[in-house]
Each structure stands twice: as C-alpha cells, then as structure tokens.
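I have a structure I would like to understand better, so I am pasting it below and will then ask my questions one at a time.
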Amino acid sequence: MPDNELKLPLLDQLEEGPWPSFVKDLKEQAARRPQVGQLLEQLEQSYENRWDYWRGTAINVPGYGGGIIARYSDLGEKFPQVAQFHTIRVIESPGFVYSADALRQLCDISEEYGAGIMQLHGMTGDILLLGYDNEKMMDACEALMDNGWDLGGSGNGMRTIPCCIGPARCEMACYDTLMLTKYLTDKYIGYLHRPEFPYKFKFKLSGCGNDCANSVSRSDMPVIGTWRDDIQVDQEAVTRFVKEMGQEWVIGNVTSRCPTRCIHLNGDQIEIDNRNCVRCMHCINVMHLALAPGKDRGATLLIGGKRTVRSGDMVASVLVPFQKLDSDGAYRAFSGIVERIWDFWGEHGNEHERVGEFIDRVGLGTFLDGVGLEPDPQMVANPRSNPFIKFEEYAAPRLDGEPHKAANVLNREPDREEDYEGEQP
Amino acid sequence: MPDNELKLPLLDQLEEGPWPSFVKDLKEQAARRPQVGQLLEQLEQSYENRWDYWRGTAINVPGYGGGIIARYSDLGEKFPQVAQFHTIRVIESPGFVYSADALRQLCDISEEYGAGIMQLHGMTGDILLLGYDNEKMMDACEALMDNGWDLGGSGNGMRTIPCCIGPARCEMACYDTLMLTKYLTDKYIGYLHRPEFPYKFKFKLSGCGNDCANSVSRSDMPVIGTWRDDIQVDQEAVTRFVKEMGQEWVIGNVTSRCPTRCIHLNGDQIEIDNRNCVRCMHCINVMHLALAPGKDRGATLLIGGKRTVRSGDMVASVLVPFQKLDSDGAYRAFSGIVERIWDFWGEHGNEHERVGEFIDRVGLGTFLDGVGLEPDPQMVANPRSNPFIKFEEYAAPRLDGEPHKAANVLNREPDREEDYEGEQP
Amino acid sequence: MNAKKPLAPRDNGAPDYKNYLHPAMERNYGRWKYHRGIRPGVFVHVSDSGESLYTVRAGSPRMLSAPLLRRVCDIADKFCQGRLRFTSRNNIEFQVEKEEDIQPLIDEIGRVLRFPVGGTGRSFHNIIHTQGWLHCNLPGTDAAGVVKSLMDLFYEEFTHENFPQRVKVSTSCCTINCGGQTDIAVNLQHHHPPAIDHVTINRCELPKVISICPVLAIRPDRTGGRDTVEVVEEKCMYCGACHAQCPALEIRDGDTDTLSIWVGGKSASTRGGPSFMRLATWGLPNNPPRWPEVGDAVRRILKAYQAGANEYERVGEWIGRIGWKNFFAETGFEFTKYHIDSYRWARTTFNTSAHVRL
Amino acid sequence: MNAKKPLAPRDNGAPDYKNYLHPAMERNYGRWKYHRGIRPGVFVHVSDSGESLYTVRAGSPRMLSAPLLRRVCDIADKFCQGRLRFTSRNNIEFQVEKEEDIQPLIDEIGRVLRFPVGGTGRSFHNIIHTQGWLHCNLPGTDAAGVVKSLMDLFYEEFTHENFPQRVKVSTSCCTINCGGQTDIAVNLQHHHPPAIDHVTINRCELPKVISICPVLAIRPDRTGGRDTVEVVEEKCMYCGACHAQCPALEIRDGDTDTLSIWVGGKSASTRGGPSFMRLATWGLPNNPPRWPEVGDAVRRILKAYQAGANEYERVGEWIGRIGWKNFFAETGFEFTKYHIDSYRWARTTFNTSAHVRL
Ligand code: SRM
Ligand code: SRM
Ligand code: SRM
Ligand code: SRM
Ligand code: SF4
Ligand code: SF4
Ligand code: SF4
Ligand code: SF4
Ligand code: SF4
Ligand code: SF4
Ligand code: SF4
Ligand code: SF4
C-alpha cells in the first residue's frame, strides 16, 4: 500500500514543524510494510474519535512468562494487517551503548518478522520491537535469542533494568552501574522471564545522586551511588574558580544552596563539614573542576518507588544508607538483601501490591525485621509523631489476615473477598 | 486532720528541691481543709501503685451542659472526703490579667465551698477550682455567677478561649486579642454553655506569628495576627543594630534565617521583598528595635488543629489568609465565617469528629464549598500530586452515607454500625 | 442531685479584662514600641508615649491553695497597683513602672512565695502540664509530680538564659495528650491493647466505643451471656481512644506502661513554621515520685542542644540541621523500629531521597 | 498459538555492553575527570589519561523505522568507530575523539537524519513519553503526537541553553502514568467513574477487579441475570485502576477526558532532594493532532520560570521559593478546589503555618 493511498488528514499535520516527525518516518516505512500503513490509519481514526482501538491479552513465548505485549485491533476487519500487532520487549544493552552492527541486526530481525519499527527505548529501558503477529512473534524471538538478545520483562516479575552511563562516561559515577546492571539482569534472569512475584519489581541504577536514571520515582529499588569519606577538594582549582566567578557568585550559587549548609567559602578556599554533608551533589555539579565525590564509594539502596495508579505517586525511601559495590563479596551482600526482600514480600505481599505499597501496609519497621535489616535514622525524614506503637512483646506484626483492615492498609483484598462471597446470590 | 498525721512517704520527696512544691502547699492547706489531706493520701496511693482512683461522670448545673468535671473516688470508703471531688471550670479573664481583689474573691468562694485549691490556669485557659461535692458545687457556681464569673466549657461545644497578652503589653500585636476573646466568648456563650456541636471546638488567639497562645497545634480555629502591607523598617535603627552586632552576625542570624530569603542586608540597610515575605516574624523578633509589622493589620484564620487521640497530632492549616479585625463590620465578617463552619460541620460532622478530622473525611475543597470560602493557594503547602479528582459535574461531595467508606475516611461509624447490627445474636 | 437553688443560665461571659489591666497597660494599650530583657525573668516594655513597664516573671507550680494565692495578691497590692497576670505557661507576672521597684519585688517574691524569678527568653521555660493522678480519670502517670521533679533538676536553667533559644517543655498523662506540642515532651506510652471488663461494660455504650476506634479493632461480641465487645489485638495500636470513651476498656497498666520523650515540636510560625514533636526515646520507667530516668533523658537532650545548636535555633530546627542520625548519636538514644511511623501518614515521614550522612 | 518451534528458555541476559563501548570509553572507563559544555548539544569529557571524548546529542522521536535506524548506524560507522548510545531520554549520542569532527558530524546528522542537536544542560530536554493510541490498550490520549507538537513549539529551547536549569518534561496517556515524574508533565484526567459493560465483563475477573479499587467503590452485583459489579459513584475518584485490570470497566471518555499539567517534579537528590509534581492546571481539551492549548499552558510556565527563577533552580525549587500564590499569579492559571489534595495524604499537603504572602 503505497504512501499516497493513505488518507491521514490529521496525522499529516504532524509532519510539519522542525522536530523529527514519527508520522513522516512511519509513512515512509508504510511504503515498505503495509502493517505500518494500517497502523497509521488506525491511529488517524483514534485522532479523529479520540478513541483507542487496541485490546490487550497475555501471550507468552513457551518457557517464558513475559516479554510480549500482545495487541489485537478492534478494527481488525477494517485493518487486517494490524489485527495482531504485538510488541516484543528486548533487554537493552546496559548504559544504552551499542555497536552499529548490533542495531542493524535488530533492524533486520524487525523487518524480517515484524513491522520494521521500534522504539529506543521504552520507559523501563527495553528496546521495543513493534508489529508482530502471533506466529512471526515466535520466529522473531527465536532469531533474537539465537543472536544473543533476550526478552525483557513484563508481568509480575523483575523488570528490565536500566542504568545511567556511569563510569563509561561520567566523572561522578560512584560505582559501576553498567556492570551491576548486567550482573543483576543475568543473575536474576529467571525472575525476569518467569514472573512469580506479587507484582512487578523494578531496579534503576544511577551512579550518583543526580539520578540520571530517574530511579527514585520510577523504581521499586533505586541504587544510587554515594561515598562515605570526604568530598575531594582541589583547593587550587577552587581558587581559580572563585577568581573566575567571583566570591559572591560562589556563595549565592554554591554554598548557600547546600541543603545542610555544611559547605563554606573561606576567602578562596572551600571548607566542608563532611559529617553533615548529605551527598546531594550540588556543590560538585557546579564546581566539578574542583570538587569530586570521595574515594570510599558505594551506593545508597532505596525501596518502594512507583508512579500513580491506586497509591498515588510514591518516591522510594532509604533502605541501606551505604552499600559497597566494588567486589564479589559486596555484590553477594547486595544480592542477599535483594533476595530477602523478594522472599518476604513474595510470601506476604498481596497480589498486585508493589513493594512500597506492601511497606505501607505492614509498616517499615515490620518490613525491616522481615528482611533482616537494622533500623537506621537515615531511613526517615522524621521519627514518628504519634504514640501509636505496636510493641511486639505483645502482638504479632500485621502481615496476614486481620491486620489488612488496619487504617494504614491500602489494598484490602481479604475484606472484599468476604463481602463478595457473602453477597453472592 | 493536722498535717503531721498524713503518711506520705513518696509525696514527701516532692517537698524537696528548689522549685515550689505543690505537695508542700497542699499539705499546708490540708491542715485547713481535710479533703486536701485525703486528696494527698489518695495521690500517695497512686504513686505507690502507679494507678489512678478517679471515675468520671457527667454532672451538670441545671441550664448548663458543661463546665463541671465530675470526679468520684474509687477509694471513697477509705477517703470519704474525696468521694466526690469535682472541678469547676471558670472562664479566665482575657490575657490572664486580674486584679488582686478579683482573685481574692475566687479564693473566698473556693474555700467556702470547695477544697480551697485551684489551678491557674488549665491548658485550655480556664481557671480550675478543685474539690467540690455535688451539693457545694451548685452553691459555688451560684456564688461565682453572682459575682460576674461564668462557667467554662466542656463537652461538645465551644470551649473557653485563651489569648496572648497582645496589645496590652506587646509591640508585635497585630489585632486586639483580648477584645476578640471577650467578643467571641460573650457572643457565643450559649454554644459554650449548652454544647451541641459534633465535638469540642476551640479557638486560640495570638497577636502574631510567634503564637504565644500555642494556637496552631492546640485549637480548632487559631487566629493569628498578621499584616498585609510592608514591614516597617527604621533604617537608622538598622544602621545602629548592624554597627553593634556586625554585618556577619546580622546575615548569619537574621537574613539567612528568613524562610523565603526575601530579606537582604545591603551594607547597613535592610531591603525586603515584601511580596515574598511570609510574615514569619523572625527578622522582627531579632531586630525589634528596627523592624515592626506593617500598619495594615489583621489576622490569618486557620482551621483544624488538635492533639493526639485517634487522628494523631494535627496542626491547623490556613483557611482565610487575611481577615481584618478592626471594626464591627470586620468582627461580623469573621463571625459569619465561624457560624458557617459551625453550621456545615454541625450538620455533617459525625459524633466525636473534630473539625479537622471532618475536613480529612470530606476534603478541604468540599469544606470550602460548604462554608462558602474561595480556594486560595495559600491554603496549601503544595497542590495535589495525584490525579484522583472528584469533579462535581458528576458526583456529589462525600458527606454522608456511602462516602464515609472512602480511603481518606477517618471515622467510619456507619460501617461499623452495620457490622454491629449484623452480628448481633 | 439535690441542689437547693437550680441555676438559670446566666451567661455572664468573659470577665471584663479592662478592669484588670495594670494602669500602665491601660494607658499604653496598643502603643507598645519595643521590649528589652533586663535580666533573666525581668524585661521591660517601652511605649510610644515613652512610658516603661517592667515585668517580673515568677515561676509558679500552677496548683495554688487559696492562702498561697492570697499571698500572691498581697504582693500585687504592695508593688503592682493591685494588678497581676498569668502567662500561657502558668507563670505569674508582676509589673512595676519604676526600675528601682524590681529588686524589692523580687526579694518579696522569694521571701513570701519562694517562687523563682526566670523563665524568660533563652531559658528553660516553665513546664506546662495536665492533671495526672491528682484529678483526671484517665491518667497512666502523674503530671504535677513529673513537672516538680524536672523543674527541680533544671532550676538553674529556668533562672538563667543559657540556651540557644527558648526551651518549652510539656508533659501529659495519657495518650490523649492534653499537654502541649513543644520542644520536649514527656508523655505516656501504652504497651498493649485494652483489657475488657465484660461485667461493667455498659450495653448502651457499645456502638459508641466500637465506632471510636480509629483502626476498627473493636467488634461486638457476646461473653458469658452478655453483650460486650472484643478487641482484635493485631489491629489495635494502643491509642487509648476507647478507654477515653468507656472505662471498661482499660488501656492502662501500671506494670507495663512507660514514658516516652518527644522532641522538636514548635507552634510558632517563625522561620520554617510549626513542627510536630517526634519520638526521641521510649520505654522510660514510670517511676514516681521522682522519675529520675526521665530527668536524665531530658538532660541529655538539653546538653546536646546547648552544645550543638546555633543561636535562635529551636530544638527541632537544630535537629533538622544536624539530622536525626547525629541527634541519636549525640544523645546516645537508640533508634529502633518503633521510631519509624506506622500510622496513617507514615510514608510521608520516610527519607525519600538519597540524602545520607555517612 | 501455532508457533512452529517452541522456545526453550535461553536466558541470555543482558547484552555484553563491553563489546559496545566506544573505544575511548573503554580505555577511560572509570577514569573520567571532568566534563565541559562546548555548545548546546555538545560536551566533552576529559579523562585522567588526558584523552577527550566529544559527545554530540541528537534529539530523536524514539520511534524509529529500521531504515531510519540504519541511517543512524551509518553515521556511527562513519564518525564514531561504529559505536553509539542512547540516553535515558531517548536521545542519540554520537561520540568523537577529535574536536574537528564535531561540525562535520553535526552536519551529517542534520542532512541525513534531520535530527536537531541539543537537549543538553540548561535546555528544554527531549520529552519522555509513553505509547498512547499507537500501541497501548488503555490510553485516553496519544503520546507521540503530543510530544511532536510540543517539541516543534520548543525546538529553539531544545537547541539552546537559555533556562535557569535543565527542564525535563514527560507525558502519559492514562492515569497509570508510565511517564516520568518531571519538571513539567502533561497527563490524562478522567472526569467520571467507569462505565460498566455488564455483557463483556468476565465472571472470573470479578474478585480481582473488586479488590483493586483503592477506595472500595466496586461491589459485586447482579444485573440482567448475570454476575457483574456496580461502582459506588460517590466513592469512586476516577483513578482508573479498575480499567487497567478489566476492560469492561471503561473509565475513558472521548468527550469528557481532559489533560492536566503538572509541575515541579524532580528525581535528582540535588539540594532539597526529589519532589513530586503538583497540579498546575486541569481541563485542557484533549485536542489532536496538535493540542494547542497544552502548548500554550507549557509556554506560560516556561516563560514565568525563565523570568523568575535563579540559576540552578529547577521548576519546583523556583515555585518553592516564590510560593504557589505567585506561581498561579504569574502563570495566570486559576487555583481551584480541585487543586487541593483529597486523597490519602491530603492533610500533609496543607499549609500548616501562619505563613502567608499578602
Ligand atoms: C508572656 C507570654 C504571652 C502570654 O500571653 O502569656 C509571652 C510573651 C513574649 N513572647 Fe512568647 N510568650 C509566651 C508564650 C509563648 C509561647 C507558648 C508557650 O510557651 O507555650 C510560644 C510558642 C512556643 C512554640 O513555638 O512552641 C512563644 C513564642 C515566642 C517567640 C517565638 C520563638 C521562636 O523563635 O520560635 C517569640 C520571639 C522570640 O523569641 O524572639 C516570643 C516573644 C515573646 C515576647 C518577647 C514578645 C514581646 O515583645 O513582648 C514576650 C516576652 C517573653 C519572654 O519570655 O522573654 N514568644 N511564646 C507567654 C509566656 C509564657 C511563659 O510564661 O513562659
Ligand atoms: C484540665 C485539662 C488538663 C489540665 O490539667 O490543664 C484537661 C483535662 C481533661 N481533658 Fe483535655 N484537658 C485540658 C486541655 C486539653 C488540651 C489543651 C488545650 O486545650 O490547649 C487538649 C489538646 C488540644 C485539643 O483539643 O486537641 C486536650 C485534649 C483532650 C482530648 C482529646 C480531644 C481530641 O479530639 O483530640 C480529650 C478526650 C475527649 O475529648 O474525649 C480530653 C479530655 C479531657 C478530660 C475531660 C478527660 C475525660 O474525658 O474525662 C480531662 C479532665 C481532667 C480533669 O479531671 O479535670 N482532652 N485537652 C485541660 C483543660 C483545662 C481548661 O479547661 O483550661
Ligand atoms: C546522558 C544522561 C545519562 C544517561 O545515562 O543517559 C545524563 C548525563 C549527564 N547528566 Fe544527567 N543525564 C541524563 C539524564 C538525567 C536525568 C533523567 C531524566 O532526564 O529523565 C536526570 C534527573 C532529572 C530529575 O531530577 O528529574 C538528570 C539529572 C542531572 C543533574 C541534576 C540536575 C539538578 O540540578 O537537579 C545533573 C547535574 C547538573 O545539572 O549539574 C546532571 C548532569 C549530567 C552530566 C553533566 C553528568 C556528567 O558529568 O557527565 C551529563 C551531561 C548532561 C547534559 O545534558 O549536559 N544530570 N540527568 C541522561 C541524558 C538525558 C537526555 O538525553 O536528556
Ligand atoms: C511501554 C511502556 C511505555 C512506553 O511507551 O515506554 C509501558 C506500557 C505499559 N504499561 Fe507501564 N509502561 C512502561 C513503563 C512504565 C513505567 C516507567 C518506568 O518503568 O520507568 C511506569 C512507572 C513506574 C512504575 O513502575 O510505577 C509504568 C507503570 C505502569 C503501571 C502501574 C504500576 C503501578 O503499580 O503503579 C501499569 C499497570 C499495571 O501494572 O497493571 C503499567 C502497565 C502498562 C501496560 C502493560 C498496560 C497494560 O496493563 O496492558 C502498557 C503496555 C503498552 C504497550 O502497548 O506496549 N505500567 N510503566 C513502558 C515500558 C517499556 C519498557 O519495557 O521499557
Ligand atoms: S547519575 Fe551521576 S554518575 Fe550517572 S550519569 Fe548522572 S551524573 Fe553521571
Ligand atoms: S554535596 Fe550537597 S550536602 Fe554535601 S557539601 Fe555539597 S552541597 Fe552540601
Ligand atoms: S503572639 Fe505575638 S502579639 Fe502575642 S504576645 Fe506573642 S509576640 Fe506578642
Ligand atoms: S518576617 Fe520572616 S519571611 Fe518576612 S522578611 Fe522577616 S524573616 Fe523573612
Ligand atoms: S492527658 Fe489524659 S490523663 Fe492527663 S488530664 Fe488529659 S485526659 Fe486526663
Ligand atoms: S486502644 Fe485504640 S486501637 Fe486499640 S482498641 Fe482501643 S481505640 Fe482501638
Ligand atoms: S500511560 Fe497508560 S495508556 Fe500510556 S502506555 Fe502506560 S499504561 Fe498505556
Ligand atoms: S476508577 Fe478507581 S476509584 Fe473508581 S471504581 Fe475504578 S478503581 Fe475504584
């Protein structure tokens, strides 16, 4: 179906303007792959009616429990080429680094079996290959795997892990984000491919508090680089910087922006009360020629981030203030924590309950006990303001059954199942 | 019963030490009033057993629904003098100012009918007269009222109103706290004496943001003085102050402590971006010889403070950013708001639901509608972070019945009454 | 009730404070220009008119016998033109117009009342408190006794102004917390759910007590042929709301109740604004008549505050700056899982950032 | 399914990124010392070893056809030793070791791909987005189209660095919000409870859909002789969780759904730390293909931000300093009662102080 046969009055308007147009690109591709033309036609109809025409189902590659996002068109009769139009999620290369050849291979597979269109990358970090029907999807997966690629995550399992570029090209990196991404992905690939958690579980890895991987707000377990010795200061570079920018500018833009006011300009020298530094990165960001993270590096582990549905947005909170990540032993220690979390949440979490929601329900204190971590004041912005403490000498932690009904319960499944049973005719 | 007959080995220890001892004072009084001796003996037993021996009941003076805190002793047989030992709450003089004669009158009444002991003042602001039995209590009330005193609040009504010393002796006062206290008390004395709200309702009045009446955290409706023009600056006094304290001190202790950084020291002159000043009082407190609140004064009205039980502590939040309080008209406008709140909360509040808890249940937006106030960004620290908006074009606000079960519901009475009925044998 | 003369509502309202103002207050009402501290416990207010009013603040135990209050009145007559006032923290303020009257006044207060002069400015202010075993029906501890014990300990701190900023303390005797939201508070802590007295429980109160529980832990039940309630122990978080409603749900326990110390509360809208008190330490023995463990704990906080805070920093602001990690390190209190909030807004108390002090 | 060759789990895991690193990255891995912006879209990283690596960032629409991606690869072969990378915001980064290669590379990107170079530092960064009508089964609006429209509008802002600090924008197409927590976001807003399709609703899904509702608004019901559910409309707050679980609860409505703009989100732990996005304005028409009202609203925010923010202040930090009152005044958006939170932590969003700007 050649381009000029497509009637896309609304989408055509998205060809205009300086920003690269996906419509234009897809139209060109439509000349080669008829699915893409029908995709655009269906999209045109969505634009016209402000309505969506996709239905979802679970389709799995045998032996896998995720990685395919199946789509059937409600307009399958009208647009048979998109009656089945599935997406294959493919695990990205850590740090999103590629060789041109590797990407060309994806192009080939994508054109051989699918619509020859892809998204680099999905919000979680996967490479998304679009436009496969039930049959070709299998073949495409086969081809991908033969070439060393692997399916990404979906459903109630570990998800594909993205990371910032870290040590590969950033002077701020406090641990090797790429290596840890690969380590976690490979080690837990079974949890990714055969989902069996209460719900999805996302890691995101950032080399420092700048959080270029957006981990705190979009992952269940953010891993954020930090250091535990003193900020490295090159006082000569400080002097040069102060000379260039002026003292007032440095005070106004560096020291007075420190959240704990622990950094001071003394003439043309920087003084830092490192005991009170919260590793916020600001001074280092601004004066990166003169300041650098300390040398004893590792990461802060956080827990429980997610976005909006049901709970409202939740930002992850500190779980392990400092974790070394520079040796096999350190990796094992980290994995141990991860596995204890999965065990505990896996056993007691409700269906569809993200780990952050689980913590909301059972309480962070109970969670710490369950995963075997010591409470630390760094976990909280503030200790509690109410005296409603459930001392354990008496009552068991609120994990199953009854306690679901407590005031801080988010998901009240047991309640409602009772209701449901009770009111059946 | 003379002092030396009392056996109070534990309480005796509270006679020692430099701070004035209530035990010593009460022992002396015990020599004159036997109730006080038995009060101490019962207290000694409490100290010994870490146990309390009072039972409460509602006793009212005819025509009044509050003002008496009735106490019966569990040890009435052993200590018959305190078998009935009630407290009379008496409305304090606004600003806690008294003539010696007025207080002597209280002493007389208190000794004539009661134990001759009193507390100046209770946490809410009342004068507490202790130690009356059922009969003498009535006589005492009669005597009090004959002399112009009045009973204070208790139960589900308006409570006795305290205020800071305000214009009577404070240069910060932005409105007449004493006059408004008397106005509100007198105007609404019926609501105080004949409680008919869902629950108690407390005002506290402070002349400025220093909140010497502790209003935000301990009253349902704090009234806190403020101004809407510019801070008054006496630059000559500023110059003197800067000279005395030094520029660095002034920056470190005044300007850099401003929460919005809207005050600057320019040489030895103060500059304020009044548009961004939040009237926090800090700069004025420190430099009160040079700075003063503006001239166009009034108050910020807040709503919903209370302490711990059920809800956990709640600090009141802004309801009316600025309310003039300098004329009859302004007083009427303020009363209008108060009455609309009482009407709306009175109609829709659950029993035992403070107005802050009511707002938690129905939502502040619904509350504003109900009391006829316009939403204002000053009411919030931040607008909402979730898209879960109940647009009214469709559904009624959550006031009665069903909506009580919504997630942000605190008190779920209807639910539980159902349960209760359902499970009766 | 057998009252002889039933009272008709008289609705007198509030006393007319105008009659009770010190003459200098009356003359300069609304015209005060500035104030100045003279020495701990004494400050002067200066009016537009040039007049000065000196205030001497005397610490009071709040509970006063009539004879003692009469002695207070006598001093007011002698020095203060028959006027006096109380503060929102139960102190007594005597006011004079002449500077030379201050010392004789202070001497008389000491001699006649034995009340200390202080509690102003950067001192340890008088402690506000509640009824305790002296009069309330709900307390798990005493109030006046705890306060007396603490004020004895911090007497020097009351009569001097040696802190970075005012220190306000309160106590309460049950989890209702009639006491204030302050820099430091000593409050009661329960350790288990209420025990139910199935015999005295009152049928008519059942719906009320069931509906008051914020976590729906109370359910109707039948025991020994009577209507009563049961408490689901896993849900109950020992808040005591039911006990306040119905004495048959007894939450108190002389053997297991403890005291907790809370820090960092503030009502003033100064600087960052009001803040909640937060749990500093729990499990202190409820130890009359002197509660020495409570005194020790409060002293630890005061010492660390005095050593570490900047001028004008209230306790909570100081902790905000140094961080809770350092607060616990410097006071030596242990941070436990019970310090972590588990109630309705728990999540909003978590550290949702990578900010750590290492 | 009729797959010919069922796949055994192969569990390949993540690609070995080591094979894909640019040679200069490989050599200087972990040894980078500092970076410097060269011009918008171009920066250099300098290593301990003295080596430099120049990065040219090209804005990409994320969706790429195979032919287009092949052209990208050709450029990488020609200039970048066959290596390239993507950023966490879908940009493409081409890297060269010699400064003189930068301009020819940029020219080639413009000529062959027509991709703009920019999106670094204090620019309007590339917008991250979700599937929309192109592929998801849940969207109420499109994603790629909204983004294309906005990026056209703010093209200059992408290719220049004229803001006080980086500006990150995201869009999402349903209230699940797969999109990011960013400085500015364009998200979908429902205006009424779901409509229930009692015919297609699946018996086996009922317990699940009942249990997913966070406010217990869904109840079992029987209609027309079938098991189904009902939605208690007063309770429902239009969150769409049920729709994500079960398509028979249709929350979307082409006629009434609108778009909302959110501001002030931030993931970085810089300075005050991460923050949530907050509602700036709601009720913008869902207006394909160009959503002009959304563009206008975003521009208003950007203008006010550019005019009012200090250097290094992200959008949320700027608003934090000037206050929401001034934010609404300066953008001209109306503050409505719907801006006031009514969900679980509503109270913690109130202004619990006497701080007011008058
Ligand atoms: C007399 C009294 C008002 C009354 O009507 O009784 C009063 C009087 C003054 N207060 Fe206060 N405050 C009084 C209770 C309070 C309270 C309430 C309380 O203590 O429970 C607060 C709120 C405390 C809180 O935030 O929790 C209070 C917070 C302040 C502040 C703000 C302090 C801060 O930095 O947060 C100031 C300003 C200052 O310190 O410069 C202040 C300042 C003052 C000034 C200097 C105002 C003035 O210009 O006259 C007065 C002299 C006080 C002194 O002690 O040096 N007053 N002041 C109260 C004395 C109580 C006492 O006996 O100790
Ligand atoms: C006497 C007093 C403590 C004191 O020693 O000063 C007091 C004593 C009692 N309070 Fe209180 N409250 C007193 C001020 C407060 C305050 C502080 C304030 O008003 O500034 C609060 C916290 C602020 C607030 O209102 O939230 C307070 C919050 C409560 C509550 C919890 C209300 C709530 O919804 O959170 C109760 C329980 C109730 O109402 O059921 C309560 C109940 C009681 C009762 C009536 C106990 C009861 O239900 O039987 C106590 C009577 C004790 C007695 O034998 O006299 N009292 N109560 C204070 C009243 C004296 C006065 O009239 O001046
Ligand atoms: C390439 C990339 C990492 C990657 O693995 O892909 C990256 C790279 C750099 N980031 Fe970033 N950031 C990248 C996404 C992010 C994100 C995530 C996002 O955009 O969704 C964030 C968090 C945003 C947030 O808070 O919501 C992010 C927050 C920062 C910050 C903190 C900014 C702040 O003040 O809050 C800095 C430090 C700075 O600006 O000085 C930073 C600094 C940098 C530096 C200067 C680090 C360095 O020394 O190399 C890099 C050059 C960036 C530039 O644009 O000038 N990068 N950076 C990402 C580029 C995305 C893009 O194409 O636009
Ligand atoms: C493709 C993608 C959007 C995109 O265009 O990039 C996406 C698309 C969908 N998301 Fe998502 N999510 C995508 C990243 C996210 C993110 C962002 C992230 O991972 O950083 C989030 C927010 C972070 C989080 O996890 O909370 C996100 C939160 C959700 C949720 C809400 C989960 C929650 O508990 O809050 C759902 C609903 C669910 O799981 O039932 C969801 C569900 C979906 C589904 C599977 C809808 C459904 O249930 O059928 C969408 C499939 C669309 C399709 O046709 O491909 N998606 N989803 C992203 C995955 C691509 C990839 O694998 O790289
Ligand atoms: S998160 Fe830190 S280490 Fe990672 S790319 Fe960003 S600035 Fe570099
Ligand atoms: S990293 Fe942040 S907290 Fe630490 S000194 Fe620098 S600005 Fe201050
Ligand atoms: S609240 Fe303000 S006006 Fe009232 S006494 Fe305190 S400082 Fe003075
Ligand atoms: S009153 Fe507070 S907010 Fe206003 S200028 Fe002074 S310090 Fe700043
Ligand atoms: S705190 Fe509790 S025990 Fe103490 S007076 Fe108030 S209600 Fe009574
Ligand atoms: S103590 Fe509190 S939580 Fe426990 S049953 Fe009583 S009211 Fe409910
Ligand atoms: S935001 Fe909603 S509609 Fe958009 S991709 Fe995610 S799940 Fe689908
Ligand atoms: S839209 Fe949300 S609140 Fe409404 S019924 Fe569905 S899940 Fe419940």
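Each chain gets a letter, A, B and so on, in the order the sequences are listed, and its residues count up from 1.
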(message) Are A:Tyr47 and D:Trp133 an aromatic pair, judged by ring center distance below 6.0 Å?
(response)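 Ring centroids of D:Trp133 and A:Tyr47 are less than 6.0 Å from each other.
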(request) Ignoring hydrogens and angles, state whether a donor on the side chain of D:Tyr29 or A:Asp176 is under 3.5 Å from an acceptor on the partner side chain. (result)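 The answer is yes; a qualifying pair exists.
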(request) Quick one: which of D:Ala24, D:Ser172, D:Ser60 has the most heavy-atom pairs under 4.5 Å with chain A, could you say? (result)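 Of D:Ala24, D:Ser172, D:Ser60, D:Ser60 has the most heavy-atom pairs under 4.5 Å with chain A.
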(message) Quick check on D:Pro274 against chain A: is it the side chain, the backbone, both or neither that has a heavy atom closer than 4.5 Å?
(response)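 Interface part for D:Pro274: side chain.
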(request) Under 4.5 Å heavy-atom distance to chain D, tell me which part of A:Ala173 shows up: side chain, backbone, both or neither. (result)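 Neither part.
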(request) Measure D:Glu250 against the heavy atoms of chain A and call it side chain, backbone, both or neither at under 4.5 Å. (result)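 For D:Glu250, the side chain is the part near chain A, not the backbone.
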(message) Under a 4.5 Å cutoff for heavy-atom pairs, which residue among D:Gly273, D:Gly59, D:Ala144, D:Ser149 has the most contacts with chain A?
(response)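 The residue among D:Gly273, D:Gly59, D:Ala144, D:Ser149 with the greatest pair count is D:Ala144.
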(request) Assess the pair A:His288 and D:Tyr34: is the distance between their ring centroids shorter than 6.0 Å? (result)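 That pair fails the under 6.0 Å test.
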(request) Would you please indicate if the ring centroids of A:Tyr98 and A:His121 are separated by under 6.0 Å? (result)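 Yes, the ring centres sit under 6.0 Å apart.
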(request) Please confirm whether D:Phe158 and A:Trp19 have ring centers closer than 6.0 angstrom. (result)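 Ring centres of A:Trp19 and D:Phe158 closer than 6.0 Å.
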(message) With chain A as the partner, which of D:Gly272, D:Cys239, D:Ala76, D:Gly145 has the greatest number of non-hydrogen pairs under 4.5 Å?
(response)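 Option with the greatest count: D:Gly145.
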(message) Counting only heavy atoms from other residues, nucleotides and ligands, does the tally under 6.0 Å from CZ of D:Arg36 exceed 12?
(response)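 At most 12 heavy atoms, drawn from other residues, nucleotides or ligands, come within 6.0 Å of this atom.
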(request) Name the region of D:Thr182, side chain, backbone, both or neither, that has any atom closer than 4.5 Å to a heavy atom of chain A. (result)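 Neither the backbone nor the side chain of D:Thr182 comes within 4.5 Å of chain A.
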(message) When you measure from the centre of the six-membered ring of A:Trp51, is the NZ or CZ of D:Arg252 closer than 6.0 Å and no more than 45° off the axis?
(response)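 Geometry flag: set, cation within 6.0 Å and 45°.
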(message) Which one wins on heavy-atom pair count under 4.5 Å against chain A: D:Lys33, D:Lys266, D:Arg290?
(response)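 Greatest number of close heavy-atom pairs with chain A: D:Arg290.
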(message) Please classify the contact of A:Leu103 with chain D as side chain, backbone, both or neither, using a heavy-atom distance under 4.5 Å.
(response)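 Contact with chain D involves both backbone and side-chain atoms of A:Leu103.
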(message) Does any backbone or side-chain atom of D:Glu26 lie under 4.5 Å from a heavy atom of chain A? Answer side chain, backbone, both or neither.
(response)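 Contact with chain A involves no heavy atom of D:Glu26 at all.
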(request) Heavy-atom distances under 4.5 Å only: say whether D:Phe276 touches chain A with side chain, backbone, both or neither. (result)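 Just its side chain gets close to chain A.
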